[in-house]
Q: 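What follows is a structure written as structure tokens; I'll ask about it next.
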There are 2 protein chains.
Amino acid sequence: MTSKIGKRATIRDVAKAAGVSIKTVSRVFNDEPNVRSEIREKVRHVGQKLNYHPNVAARNLARRRSHLIGLFFENPSPAYVTELQMGALKRLRGTGYRLLIFPVENRADIRGAMVSTVYASGLDGVIVTPPMCDDPVILDELLSSHLPFVRVAGDNSIDKTASVIIDDEAAAFDLAEYVLRLGHRRIAIVIGDETHRSAGLRLMGFRRALRTAGIEPEPAMEIQGAFTFQSGLEAGRRLLHHANRPTAILASNDDMAAGVLQAAHELRIPVPQKLSVVGFDDTALAKMVWPQLTTIRQPVFEMAERATDILLRQIETGTAPETAKLSYDLVIRFSAGEAPTG
Amino acid sequence: MTSKIGKRATIRDVAKAAGVSIKTVSRVFNDEPNVRSEIREKVRHVGQKLNYHPNVAARNLARRRSHLIGLFFENPSPAYVTELQMGALKRLRGTGYRLLIFPVENRADIRGAMVSTVYASGLDGVIVTPPMCDDPVILDELLSSHLPFVRVAGDNSIDKTASVIIDDEAAAFDLAEYVLRLGHRRIAIVIGDETHRSAGLRLMGFRRALRTAGIEPEPAMEIQGAFTFQSGLEAGRRLLHHANRPTAILASNDDMAAGVLQAAHELRIPVPQKLSVVGFDDTALAKMVWPQLTTIRQPVFEMAERATDILLRQIETGTAPETAKLSYDLVIRFSAGEAPTG
DNA sequence: TTGAAAGCGCTAACAT
DNA sequence: ATGTTAGCGCTTTCAA
């Protein structure tokens, strides 16, 4: 109310009004030392009165830092994406860094344009998720640009980059083993989008579990999906119309498991009495469908939080890229039961 | 590869290398007229060779614009939030503006801090969603700050602000009327979070429909929810354990409807044979539950897109705040059927 | 503990 | 069609 209409107060206005130099004002607003508390208070007070807010662009220019982090994702599941965002944001809280979101519709669009986008937005660093973070072209581009970046849930065989993962293969193995232990012998899998490295790893874990139990994986029991509900629904229909249909279906994520569940409902096949269905991720959706999904809890929120932590360290202190592997859990709910007899 | 390591090329480097003034380089990189195509090409080429990318902070400082839009929301439903984001982003594509997300956990935290947050992030404008956009304190703060802002899905009785809405009252009326026409007489409602204006409007529409049909609304048939799945589940349980339980339940959003559905499943009440359940919003979740929800389609994506459009116009040309009312649709799926006889 | 001066890298206004 | 000169509002030396 004190400042002129249409014109924000600058550091100079505050300096003049407080009778100090602009450097002192700068010190105060950046919590730097070497200012008498008396003056500090005075400056703060004048700043308040003038409704002074440091100009972000000017500060960014002088500091050579935008305090902007970009989150790049493709959108297979709203619940998953939300977890990612909230996890990243949690770590960012109180740091002065902000989160910019970049949903990518078509990977081809971003290939070769990733770094330009980062420059055009002035990002200090980026968080990249599958499938982009496993795309060799994109990875190369990122690597040679020397931009700080971190990968979430990507391929764990690439270790020269910062990344946070879980052991997808082992998790899928455990999940399949659980289903096997319930007595199922005829088990199908709905595979995730093949450009996601995790989809392949989960398939491998599934197969290994079957082989370990003395069952040879059967092509007809491996249906390609795309990590979407719709693809799960379609895969479920195909699988359940099969002459010799499976007694258990393992979906590579919860959205597809929900789709399979819907296919079962359509065909009036009771779950888990006649059919067991399990998911992967334990997103919010897992509890919203009926019956609630037995699934693998992938700590997406924590992974994003941790990834952001690693990224921030890279940006601020230029440390070498770190890697972290978080643990998963088997969450037993009500969508899987003992194999039907006969 | 041509530029020195660790130092980005500046406009001056390009100008020197291309043998022109920095202003010409600026013209080329901003697609301004008055540059011979010959020179234009030369500058572009040199820019590429030097791996030149205009410095965003410098540009922002000179232009007095950050090209940053903030989206403030509270997170009742992941699917809803994702729609909002995607809608806003669609309009932003190609404009050079970026989207910053601000999930608000606790409204009290943001009350009185909204404008500071905007300044601290250097936002050019903000998109605000319920319930924040209906909070008088927050609205006042925004209004007196003269920051460009637009409200999505807020209270339609406030018309001096830019906003995009649907007619929640009429939509709820139509939805209830549809259920009444199916022969239901004992109809309950799960009310949304009361701090959302839309929750109240939907309740009013529901009541009006009942009265129009000659039914007096009954307190026991109006249960308070919070727009979350869990609150819908709990409300459903209460309603269905009721001695004289309803034959139809109207939930104020899809997440709560999914919760009600789950309660029905728990109690082995067949939907829609013995119980009809309808939702509101038509988010992605509506199709993922069983049976798929009959619901009101609120065009969240389009609303966000439109709101962003209005906001951009305010920012760029300083036009007066506009208002838009979009239409809703009744989407008939499989969760509501004729009232059970007897 | 404080301040003056010199940038940060760009665009705007105004020549030419 | 092109260039020159001031800023934009901060932070960073470096001096006092």
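Proteins get letters first, then strands, A, B, ... in listed order; numbering begins at 1 in each.
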Q: If you round to the nearest 0.5 Å, how far is CZ of A:F72 from CD1 of A:I110?
A: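 Result: 5.0 Å between the selected atoms.
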
Q: Using the heavy-atom set of chain B and a strict 4.0 Å cut-off, write down the first and last nucleotide of DNA chain D that makes it in, 5' to 3'.
A: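 Contact boundaries, 5' end first: D:dA1 to D:dG9.
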
Q: Taking only residues two or more places apart in sequence or in another chain, which ones pass side chain to side chain contact (heavy atoms under 4.5 Å, CB included) with B:D135?
A: B:R107, B:R111, B:V137, B:I138

Q: If the condition is ring-ring contact (aromatic ring centres under 6.0 Å, His included), which residues does B:H53 pass it with, not counting sequence neighbours?
A: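 Listed in chain order: A:Y119.
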
Q: Mind jotting down which residue pairs meet the side chain to side chain donor-acceptor pair (under 3.5 Å) criterion with at least one end in residues 32-42 of chain A? Sequence neighbours excluded, please.
A: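 Pairs touching residues 32-42 of chain A that pass the test: none.
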
Q: Of all residues at least two apart in sequence or in a different chain, which pass the ring-ring contact (aromatic ring centres under 6.0 Å, His included) check with B:F73?
A: none

Q: Any sub-3.5 Å donor-acceptor pair from A:S121's side-chain atoms to A:V118's backbone N or O?
A: no

Q: Tell me the salt bridge (Lys or Arg N to Asp or Glu O under 4.0 Å) pairs involving residues 57-68 of chain A, sequence neighbours left out?
A: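 Residue pairs with at least one partner in residues 57-68 of chain A: A:R65-A:E316.
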
Q: Is a salt bridge present between A:R8 and A:D13, judged by a nitrogen-to-oxygen distance below 4.0 Å?
A: no

Q: Measure the angle between the two terminal helix axes of the helix from C:dT1-D:dA16 to C:dT16-D:dA1, five base pairs each, and quote it to 10°.
A: 30°

Q: Whether the B:N60 and B:S66 side chains hold a donor-acceptor pair (N or O, under 3.5 Å, no angle test) is what I'd like checked.
A: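 Side chains of B:N60 and B:S66: no pair found under 3.5 Å.
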
Q: Any ion pair linking B:E305 and B:R91 (charged N to carboxylate O, less than 4.0 Å)?
A: no

Q: Tell me, please, which residues at least two apart from A:E83 pass side chain to side chain contact (heavy atoms under 4.5 Å, CB included).
A: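 Result, side chain to side chain contact (heavy atoms under 4.5 Å, CB included) vs A:E83: A:V300, A:F301.
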
Q: State which residues pass ring-ring contact (aromatic ring centres under 6.0 Å, His included) with B:F29; sequence neighbours excluded, sorted by chain then number.
A: B:Y52

Q: Give the residues of residues 16-26 of chain A touching DNA chain C, defined as any heavy atom closer than 4.0 Å, sorted by residue number.
A: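 Nucleic-acid contacts, sorted: A:V20, A:S21, A:K23, A:T24.
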
Q: Does B:L89 reach the side chain of A:P103, with side-chain heavy atoms less than 4.5 Å apart?
A: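 Yes, their side chains come closer than 4.5 Å.
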
Q: Set out, line by line, the N/O atom pairs under 3.5 Å between protein and nucleotides 14-16 of chain C.
A:
none

Q: Quick one: which protein N/O atoms are closer than 3.5 Å to N/O atoms of nucleotides 7-9 of chain C? Pair and distance per line, please.
A:
| residue | atom | partner | partner atom | Å |
| --- | --- | --- | --- | --- |
| C:dG9 | N2 | B:A58 | O | 3.4 |

